[in-house]
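In what follows, chains are A, B, ... by sequence order, proteins preceding strands, each numbered from 1.
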Protein chains: 2
Amino acid sequence: MTTLLTVLDQPAELCCTPITRDAMSAENAALLAAKFKAIGDPTRLRLLSLVAAHDGNEACVCDLNEPLDLSQPTVSHHLKILVDAGLLTRTKRGTWSFYALVPGALDNLADILRTPAS
Amino acid sequence: MTTLLTVLDQPAELCCTPITRDAMSAENAALLAAKFKAIGDPTRLRLLSLVAAHDGNEACVCDLNEPLDLSQPTVSHHLKILVDAGLLTRTKRGTWSFYALVPGALDNLADILRTPAS
DNA sequence: TGGTTACATCGACAGGTATCGATATAGAGA
DNA sequence: TCTCTATATCGATACCTGTCGATGTAACCA
């Protein structure tokens with residue numbers, strides 16, 4: 001009886017009473033699924049990877065468009081989904097938009113997946 | 001420059017050359033996204049949680065149907081997706097089907113999300 | 001053999017999503 | 001102000017997905 005899939009994250013969003021054992025509530029499941037769904041897409045995984053590979057975990061859109069072989073609106077669409085999921089932040093500097101990893105966001109998701117004993 | 005989102009898993013599926021730094025390849029992204037997509041659904045997250053909450057990380061379908069408030073075919077559909085993603089295994093004993101966590105599967109996904117330095 | 005139980009599969013349908021071209025917006029520079 | 005560049009948003013479309021009732025299947029039991 002491992003106590004898997006606990007909910008420890010989302011301190012920003014006022015929700016999610018932590019469950020340390022037993023099954024996951026429907027509300028927590030919905031909130032977590034939204035985040036995993038955001039990274040459950042090849043393009044968005046690559047975008048996260050590209051951002052993480054840059055200095056300061058931050059990248060300009062101009063650096064993200066070319067390697068993906070997708071139209072600019074499509075890339076912008078995926079970036080918006082990652083921002084809405086709380087995984088990236090957007091900062092505008094001049095004409096350029098910079099996307100950065102939200103510190104700890106991916107680690108929080110990792111903690112949920114890790115089995116204690118295993 | 002963190003070396004995030006490396007690919008360490010899928011030893012069973014003959015694929016995925018490990019990338020320890022730099023951006024993720026399209027092939028790895030597709031394989032990983034398929035797994036994250038499987039857990040990117042509230043019902044499937046709850047199913048994983050229910051299975052993990054049972055002794056031996058194994059549960060009978062009869063124990064999984066009732067707490068979800070979904071039809072039996074729908075639950076069966078979600079379980080199949082989790083099996084296809086390599087996260088659960090199915091074992092038939094008599095009339096009953098038992099689903100169990102694949103050892104290490106979720107931990108491998110967690111490793112991919114974890115940022116080294118952070 | 002026939003019935004019952006447990007579960008998977010099928011077919012259909014509604015809603016979601018990834019993608020694109022076209023367009024809007026907004027900042028920089030002349 | 002006018003233009004150019006960078007990016008977001010819009011509208012449309014094709015495809016995917018979650019859900020259900022109906023049905024198939026296989027094991028157990030009488």
How many whole angstroms separate atom [atom1] of [X] from atom [atom2] of [N]?
{"X": "B:F36", "N": "C:dT17", "atom1": "CZ", "atom2": "P", "answer": "19 Å"}
{"X": "A:L70", "N": "C:dG21", "atom1": "CG", "atom2": "C1'", "answer": "14 Å"}
{"X": "A:L79", "N": "C:dA18", "atom1": "CG", "atom2": "P", "answer": "13 Å"}
{"X": "B:R44", "N": "D:dT19", "atom1": "CZ", "atom2": "C1'", "answer": "12 Å"}
{"X": "A:D41", "N": "D:dC16", "atom1": "CG", "atom2": "C1'", "answer": "12 Å"}
{"X": "A:K37", "N": "C:dA18", "atom1": "NZ", "atom2": "C1'", "answer": "12 Å"}
{"X": "A:L82", "N": "C:dT17", "atom1": "CG", "atom2": "P", "answer": "14 Å"}
{"X": "A:L47", "N": "D:dT7", "atom1": "CG", "atom2": "P", "answer": "13 Å"}

Quiz item: Base, sugar-phosphate alone, or nothing: which one does A:I81 contact when heavy atoms must sit under 4.0 Å apart?
Solution: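 Counting heavy atoms under 4.0 Å across all strands, the contact made by A:I81 is with sugar-phosphate only.
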
Exercise. Name the nucleic acid region contacted by B:Y99, choosing base, sugar-phosphate or nothing; use a 4.0 angstrom heavy-atom cut-off, strictly under.
Key: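 Sugar-phosphate only.
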
Give a yes/no on whether any side-chain N or O of [X] is located under 4.0 angstrom from OP1 or OP2 of [N].
{"X": "B:R93", "N": "C:dA6", "answer": "no"}
{"X": "B:S76", "N": "C:dA8", "answer": "yes"}
{"X": "A:T74", "N": "C:dC20", "answer": "yes"}
{"X": "A:K92", "N": "D:dA8", "answer": "no"}

Quiz item: For the residue pair A:H78 and A:T43, what are the closest heavy atoms and their distance?
Solution: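 In terms of heavy atoms, the two residues are closest at CD2-CG2, 3.5 Å.
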
Between [atom1] on residue [X] and [atom2] on residue [Y], distance to nearest 0.5 Å:
{"X": "A:L106", "Y": "A:K35", "atom1": "CG", "atom2": "NZ", "answer": "9.5 Å"}
{"X": "B:I39", "Y": "A:L32", "atom1": "CD1", "atom2": "CG", "answer": "9.5 Å"}
{"X": "B:L47", "Y": "A:M24", "atom1": "CG", "atom2": "CE", "answer": "11.0 Å"}
{"X": "B:R114", "Y": "A:L109", "atom1": "CZ", "atom2": "CG", "answer": "10.5 Å"}

Quiz item: Just wondering, do A:L82 and A:Y99 contact through their side chains at under 4.5 Å, heavy atoms?
Solution: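 The answer is no, as the side chains (C-beta and beyond) never meet within the 4.5 Å cut-off.
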
Exercise. Specify the residue among B:R90 and A:H78 whose closest nucleotide of DNA chain C lies further upstream toward the 5′ end.
Key: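 Looking at DNA chain C, the more 5' nearest nucleotide goes with B:R90.
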
Heavy atoms from C-beta onward define the side chain here; which of [options] lies closest to that of [X]?
{"X": "B:C62", "options": "D:dT19, C:dC7, C:dT9", "answer": "C:dC7"}
{"X": "A:H77", "options": "C:dT19, C:dC7, D:dA6", "answer": "C:dT19"}
{"X": "A:V61", "options": "D:dA8, C:dC7, C:dA18", "answer": "D:dA8"}
{"X": "B:S97", "options": "C:dC7, D:dA27, D:dT7", "answer": "C:dC7"}
{"X": "B:S71", "options": "C:dA28, C:dT5, D:dG21", "answer": "D:dG21"}
{"X": "B:P73", "options": "D:dG18, D:dT7, D:dA22", "answer": "D:dA22"}

Quiz item: Got a donor-acceptor pair under 3.5 Å from the side chain of B:Q72 to the base of C:dA6?
Solution: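 By the distance-only test, no, there is no pair.
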
